Amino acid sequence: MSGFPERLKAARLRLGMTQEQLGFELNVTKASVSAWENGREAPGFRLLPKLREVVGVSLDELLCGADSAGALAEPYHAYGAEVRSETEAALLRAFRRLSVKRRQGLLDLIE
């Protein structure tokens with residue numbers, strides 16, 4: 001059974017982020033992220049909502065391991081498509097955070 005450090009690292013790696021990139025998003029150092037992933041420290045409570053937003057994983061899954069298989073408890077439907085995993089949901093959330101210009105650039109790139 002994996003703990004918070006392992007689940008955090010797995011979530012970060014699923015997004016293809018480095019510890020430095022995650023630290024930048026959370027306004028903390030790479031060393032802080034490393035300490036969390038190695039179990040030496042834990043993020044403060046005030047960072048948890050932002051951490052959830054950045055890695056795209058529910059706090060239940062991240063902290064407690066609930067739904068650790070990565071599948072959403074209830075499939076999410078949008079525009080006729082079903083989001084089948086936390087990874088797909090994270091991509092959707094990241095896309096929504098982009099500016100309109102960057103969204104269009106991303107769509108142009110993948111088409």
Side-chain angles (χ1 to χ4, degrees):
M1 183 161 95
S2 65
F4 169 76
E6 293 85 8
R7 289 188 295 271
L8 174 62
K9 183 175 183 178
R12 176 180 60 77
L13 292 175
R14 272 194 306 267
L15 295 172
M17 295 179 87
T18 65
Q19 289 179 339
E20 186 173 21
Q21 289 168 326
L22 180 57
F24 178 79
E25 291 291 327
L26 298 171
N27 199 30
V28 299
T29 64
K30 174 187 171 193
S32 292
V33 175
S34 176
W36 302 342
E37 290 184 358
N38 289 300
R40 293 188 312 269
E41 295 178 20
F45 285 117
R46 65 181 182 78
L47 281 175
L48 293 178
K50 182 69 174 174
L51 181 60
R52 177 194 55 80
E53 178 185 321
V54 170
V55 298
V57 176
S58 73
L59 289 178
D60 281 347
E61 182 178 346
L62 200 56
L63 298 175
C64 304
D67 193 26
S68 60
L72 297 172
E74 301 272 335
Y76 172 75
H77 298 282
Y79 305 106
E82 180 181 302
V83 177
R84 298 181 186 147
S85 70
E86 251 330 302
T87 301
E88 288 182 8
L91 286 169
L92 180 58
R93 286 189 292 272
F95 180 78
R96 289 178 177 165
R97 287 193 304 264
L98 294 174
S99 68
V100 173
K101 184 176 180 180
R102 288 189 176 192
R103 284 181 187 185
Q104 189 56 55
L106 181 59
L107 290 172
D108 292 344
L109 178 69
I110 60 176
E111 287 182 344

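The figures here come from the full heavy-atom set of this structure, side chains too, leaving out hydrogens, waters and symmetry mates. Along the sequence shown, the residues carry numbers beginning at 1. All figures in this text were calculated on a predicted structure; none of them were measured in a lab.
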Measuring from atom [atom1] of [X] to atom [atom2] of [Y], what distance do you get when rounded to the nearest 0.5 angstrom?
X     : Y     : atom1 : atom2 : answer
Leu8  : Gln19 : CG    : CD    : 9.0 Å
Leu59 : Phe4  : CG    : CZ    : 9.0 Å
Ser34 : Lys9  : OG    : NZ    : 9.0 Å
Arg52 : Glu61 : CZ    : CD    : 12.5 Å
Glu53 : Leu26 : CD    : CG    : 9.5 Å
Glu37 : Leu22 : CD    : CG    : 7.0 Å

Looking at every non-hydrogen atom in both residues, tell me the closest pair between [X] and [Y] and how far apart they are.
X     : Y     : answer
Pro5  : Trp36 : CB-O, 3.3 Å
Arg14 : Val57 : NH2-CG2, 3.6 Å
Arg12 : Met17 : NH1-O, 2.8 Å

Is a side-chain N or O of Gln21 found less than 3.5 angstrom from the main chain of Thr18, in a donor-acceptor match?
->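 Pair found, side chain donor or acceptor close to backbone of Thr18.
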Polar side-chain atom of Glu6 near backbone of Gly3 as donor-acceptor pair, under 3.5 Å | yes
Indicate if [X] and [Y] have the same hydrophobic cluster label, given that clusters are the connected sets of ILVMFWY residues with side-chain heavy-atom separations under 4.5 angstrom.
X      : Y      : result
Leu47  : Phe45  : yes
Leu91  : Leu107 : no
Leu109 : Leu15  : no
Leu63  : Val55  : yes

Decide if atom [atom1] of [X] counts as having more than 12 heavy atoms of other residues, nucleotides or ligands within a radius under 6.0 Å.
X      : atom1 : value
Gln104 : CD    : yes
Arg102 : CZ    : no
Asn38  : CG    : yes

Decide side-chain contact (heavy atoms from CB on, under 4.5 Å) for Leu48 and Leu62; before the verdict, give the C-alpha distance in whole Å, the side-chain angles of both, and the deciding distance to 0.1 Å.
-> CA-CA 10 Å; Leu48 293 178; Leu62 200 56; 5.8 Å; no
